[in-house]
Number of protein chains: 2
Amino acid sequence: MTRVRVHNFNISLDGYGAGETITLDAPIGGAERLFARFDGRVIHGVDAVDDPITLDRALTSIWGQGIGAEIMGRGKFGPQTGDWADDDWRGWWGDAPPFRTPVVVLTHHPRDPISFGNGTSFHFLDATPEDALAYARGLTDGGDIRIGGGPSTVRQFLAAGLIDFMHLVTVPITLGTGVSMWEGLTDVQEGFSIESVTSASGLTHHLWNRTGAD
Amino acid sequence: MTRVRVHNFNISLDGYGAGETITLDAPIGGAERLFARFDGRVIHGVDAVDDPITLDRALTSIWGQGIGAEIMGRGKFGPQTGDWADDDWRGWWGDAPPFRTPVVVLTHHPRDPISFGNGTSFHFLDATPEDALAYARGLTDGGDIRIGGGPSTVRQFLAAGLIDFMHLVTVPITLGTGVSMWEGLTDVQEGFSIESVTSASGLTHHLWNRTGAD
């Protein structure tokens, strides 16, 4: 069976992974400063930038390796809510979204798929985490599935026991408000082996691997 | 200009990166225990294995990203010395060497190139580091060049000031004898920014990035 992976997921000291309200000017809902120290959101590899290969860069550069499809919440795809008033919206990323695989967008308001020339396509689905995972696996030739966020989407897959690997990043700031990564998840660490390491930028990287012992 | 990179290069506490004498049974010249804690020599990515994505695994998994060609010493290609008595030798790696790019093998005894179906080819060259680098760049479409070792090969490129990035790994063992990584290289750290981090296996990973200030 292929793995279900989370990568490069930044969380504040007080446990928030995004702001409450996504707008066109605030794609992380006002929590953009989660990425001020190092922006590892959509980097495919060390070959995609000319910057030094720091620890932050190295650890975020395995984001795309072996990934066959992503699953994301609707808030990551765009700021709209409810019915799709503007069907011309094709995501934040212009003509070449960085995913380069099929992407399942979880929404209660399905619409027709969208395809791009670089291998990225968006498929809109109203489904449980289990069903979304089965659907995403059907879109790939056997690659791993990445859960792309936001925090409530990752939290749902965690609560369902579906995550095999997570690369979480603690950012040494407080946001005070936002979407919590951990709400309702008591002892979510059980069943995982966890390594933590700090980097020169002040980030702490956490690698969670499911041990199968939960 | 593309970068010149060294990856996953293990060194003992006493500074050795390989044993003195390569044989068919000892491809690291008796220093095989450099890889007993974690064997990250020829892993292309986290997609190439089913093992947990530990810190060791994550950091060694960028080995192939953006690489257009490798340069290696003759001892990495095989145990032979002097003239090629056995032209049937095609390297240690069977029918699918893990490199998947052109590889320049430095030797005073050039022979005809060897090609494999998976993108790997070996090109035998008697040249200085500078000339080998120019030759390797001519074999790629602009990818980075990896210096694949052994230690004396990496040391020559370091001494010539040609290395842009190195991922070195200190292994907490002493070998007592072998090929030194550091012989004759006083203050080789000058001109590099260096991050070091430990992993649960006891390894210390060092990321050297050239700052251009040397």
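Letters A, B, ... are given to chains in the order of the sequence lines, protein chains preceding strands, and every chain is numbered from 1. Predicted, not measured: the structure shown is a model, and the values here were computed from it.
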J.: Using a cut-off of under 4.5 Å on heavy-atom pairs, state which of I194(B), V46(B), D144(B) scores highest against chain A.
T.: V46(B)
J.: Report the residues that fulfil side chain to side chain contact (heavy atoms under 4.5 Å, CB included) with A136(B), sequence neighbours left out, ordered by chain and then residue number.
T.: A69(B), I71(B), V104(B), I145(B)
J.: Heavy-atom cut-off 4.5 Å, strictly under: side chain, backbone, both or neither for S199(A) against chain B?
T.: both
J.: Could you name the residues of residues 47-57 of chain B that have a heavy atom within less than 4.5 Å of a heavy atom in chain A?
T.: D47(B), V49(B), D50(B), D51(B), P52(B), I53(B), T54(B), L55(B)
J.: Step through the shown structure and confirm whether more than 12 heavy atoms of other residues, nucleotides or ligands are within 6.0 Å of CD on E183(B).
T.: no
J.: For E195(A), is it the side chain, the backbone, both, or neither that has a heavy atom closer than 4.5 Å to a heavy atom of chain B?
T.: side chain
